[in-house]
Number of protein chains: 2
Amino acid sequence: MKKTRKYATISDVAEHAGVSIATVSRVLTGNTPVIEETAERVRAAIAELRFVPRTAARTLASRKTNTIGLILSEIGGAFFPHLLKGIEAEVRTAGYELLIHSTQGVRQHQHRAVGEHNTDGLLVFTSSLELDELKRLHSMNFPLVLMHQTPPADLNIPVITIENKDGAEMLVSHLIEKHGRRRIVYMQGPEGHEDSQWRERGYREALEKHNIPFDPSLVVKGEFDEEQASSTMQQMIADGIEFDAVFAGDDDAAMGVYRALKLTSRIIPDDVAVVGFDDIQFARYISPALTTIRAPIEEVGREAVRQLIHLLNGQQAQSLVLMRTELVIRESCGCALSDHHQ
Amino acid sequence: MKKTRKYATISDVAEHAGVSIATVSRVLTGNTPVIEETAERVRAAIAELRFVPRTAARTLASRKTNTIGLILSEIGGAFFPHLLKGIEAEVRTAGYELLIHSTQGVRQHQHRAVGEHNTDGLLVFTSSLELDELKRLHSMNFPLVLMHQTPPADLNIPVITIENKDGAEMLVSHLIEKHGRRRIVYMQGPEGHEDSQWRERGYREALEKHNIPFDPSLVVKGEFDEEQASSTMQQMIADGIEFDAVFAGDDDAAMGVYRALKLTSRIIPDDVAVVGFDDIQFARYISPALTTIRAPIEEVGREAVRQLIHLLNGQQAQSLVLMRTELVIRESCGCALSDHHQ
DNA sequence: ACGCTTTCTGAAAACGCTTTCACGCATGAA
DNA sequence: TTCATGCGTGAAAGCGTTTTCAGAAAGCGT
């Protein structure tokens, strides 16, 4: 009585083709030459038995998982699909698999879900991984690449991020130079959010460059969130704070600003110019169309994977890759109406 | 001289705690009782050695990958983040890992990237998997759940999708009953797209229900795409086809319709009412705000995972889950301006 | 006190591959 | 002819777990 196994194994193939399992393995991996005639027999056997090698066995034997892990704190957010798209494409091109893990509200360390035991390397987005774990992995030379997060000073981990500061500076300078705005609000993102910190720095540098004194009362909480931005803005207006432009921190917050301004009958851009950051899909559809910064998020994903692959191949990775941002001028800053809408 | 291994293994832990590896394994899996005192010693050893069990070894030995695979044809699209968010959350709650694979422009069968060899079950979105492969997997009793795609008649694979037909009917009935529209255009999605087919059926049923004769010249190509929808609409206008409302198929296409109508100076909703489907994020921001159908995409993802988990546990799964859709009335159909925007 | 469970633990056998090592054989040089 | 060389292949040793099987120890009813 034959043992009825659910799937064919390498031994079945070997037997069927009249060779040893070693030979089958060799045509599978292709890392050792096999006489073409034999190889063909093996391939035929594989096809006939519909043999698919178990990943676990391969991984165990070869000590390579052929998988790249992606850790992020939250799925969702406007940039996320772009990032993932880039990552996925590049991972696939490189012949790896992609394991995704979100640390959203999870007590970490409970069961280390992703790490050296199931991936060859890790892509870490923003602050999705605890510092301890980051250090632990780095200390055992585990390949890591960070995205939108600079590593602790003493750890040399490659980083891919965008030119937040330059982008912000372009934006604010544009408001000052082209539209003569001088009381420009900056709405900060979440506490400790790196992107936000850099954007604020860009904001300040633009002010400095144009000799506009920095006014702390113009820097407020936007949290990169529509609701928060809207209520903050309404509060500012109620408080009677004067301003002629708002750099909302990101486009989501800009939506909230729009709402608050419309509610209080301010005209954009006549009364208040508004600019965002990210160029989310409907920045161009909203009325007036939003002036913002476009960042090559998809490219960030691709580049992160590329650097990680370098690491996996034992090569050096670039320790910092800054992706160039681009000013997208539409209507909300006060520039002429584009011909695209209305 | 001690062998310097990179990571601690179960034997190291066993030795360190003065027990056999079997015992360590037992406290790891928790499937066999171990005296508390011993267990504590083992846990201490694990912590001290920073031991993390290799997934590959566990998988090989236990024949369970503890991983759920997600196959889709394309990353991106407005619904995608929602879907993924639901899936990821539920997968994590269930204690599984998530392996993502896109079949975007890949010659399939080349290297079966995801399947029985590296996952316990598969979530298949729309037509991302070849029929052959689907049949093969199903025939070996591999757990599968489809999303937004009904399976070939002879295969009993659970499906999760939304009530496209009901949604479409609500939409069209609303246009007829509340706004007296009678010449309503339907813009089809891509050839063979199931969602589109059901929506068209809903459109037709609404017409029938109100005794409006079906006019084939009002059913056109929208491809669920802004560009395509825009040019189709312009063509219709150029051809002098009369209509007083457009059901664009989805919200993306509705954007294209907006553009075409504005270009030709038609007023929405006075001249032409427009409705979409999906309630993408900026449906409420565009002007006039778009009347559309909201579908619980995130819930589709969650439910798909739940059904798959049932299958994984050897339980029965519901063969069809239809998620209820909801009419979201805004301005583009002709209803009173909401208080949300202007 | 005696068998009979029951509970915990260790030895050892899988799990299904990759990879090292060695061997047989053909080849070309001496 | 002989010897080194190299190529294709098979045997077998891992890879690091889980799980089965059996045995020791402990509890329990009579």
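Here the structure is a predicted model, which is why all the values come from computation and not from measurement. Reminder, nothing fancy here: chain letters follow the sequence lines and each chain counts from 1.
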Check: What stems, by residue range, does DNA chain D take part in, given at least 3 consecutive Watson-Crick or G-U pairs under 3.5 Å?
Finding: C:1-30 with D:1-30

Checklist line | Salt-bridge contact B:R43-B:E40 (side-chain N to carboxylate O under 4.0 Å) | finding: yes

Next item on the list: Assign B:T55 to base, sugar-phosphate, or nothing according to its heavy-atom contacts below 4.0 angstrom with the strands shown.
Entry: nothing

Check: Does OP1 or OP2 of D:dT19 have a side-chain N or O of B:N31 closer than 4.0 Å?
Finding: yes

Note to self: Taking the nucleotide of DNA chain C with the nearest heavy atom to each, does A:R54 or A:R63 sit closer to the 5' end?
What the structure shows: A:R54

Note to self: Going by ring pair (Phe, Tyr, Trp, His ring centres under 6.0 Å), name the residues that satisfy it together with A:F142, two or more places apart in sequence or in a different chain.
What the structure shows: none

Notebook entry, point to check: If we ignore angles and hydrogens, is there a donor and acceptor under 3.5 Å between the side chains of A:E194 and A:T150?
Noted result: yes

Item checked: Donor-acceptor side-chain pairing of A:T65 and A:D120 below 3.5 angstrom -> yes

Checklist line | Whole angstrom value for the distance that separates C1' of C:dC15 from CG of B:N118 | finding: 16 Å

Next item on the list: Going 5' to 3' through nucleotides 5-10 of chain C, assign each nucleotide B (protein heavy atom under 4.0 Å from a base atom), S (under 4.0 Å only from sugar-phosphate atoms) or - (no protein heavy atom that close).
Entry: ---SBB

Notebook entry, point to check: Can you tell me how far P of D:dG16 sits from CD1 of B:I46, to the nearest Å?
Noted result: 16 Å

Notebook entry, point to check: Between atom CZ in B:F51 and atom C1' in D:dG16, what is the gap in whole Å?
Noted result: 8 Å

Note to self: On the nucleotide D:dT18, are OP1 or OP2 found under 4.0 Å from the side-chain N or O atoms that B:S62 carries?
What the structure shows: no

Item checked: salt_bridge(B:R136, B:E116) N-O dist < 4.0 Å -> yes

Next item on the list: Please state how far atom CG in B:N66 lies from atom P in D:dT18, giving the value in whole angstrom units.
Entry: 12 Å

Next item on the list: Let me know the distance between CG of A:L60 and P of C:dT19, rounded to the nearest Å.
Entry: 12 Å

Next item on the list: Just call it for A:T59: base, sugar-phosphate, or nothing, with non-hydrogen atoms closer than 4.0 Å on any strand.
Entry: nothing

Check: When the distance from OH of A:Y7 to P of C:dC17 is rounded to whole Å, what number comes out?
Finding: 13 Å

Margin query: For the backbone of A:I21 and the side chain of A:S25, can you confirm whether one donor and one acceptor N or O come within less than 3.5 Å of each other?
Written below: no

Margin query: Rounding to an integer number of Å, can you tell me how far B:D12 CG sits from D:dG16 P?
Written below: 9 Å

Item checked: Nucleotide C:dT19, atom P - distance to CD1 of A:I10 in whole Å -> 11 Å

Check: By side-chain contact (heavy atoms from CB on, under 4.5 Å), which residues pair with A:Q316, not counting sequence neighbours?
Finding: none

Next item on the list: For B:E90, check side-chain contact (heavy atoms from CB on, under 4.5 Å) against everything at least two apart and list the hits.
Entry: B:R302, B:V305, B:R306

Check: Taking only residues two or more places apart in sequence, or in another chain, which ones meet B:H193 in a ring pair (Phe, Tyr, Trp, His ring centres under 6.0 Å)?
Finding: B:F224

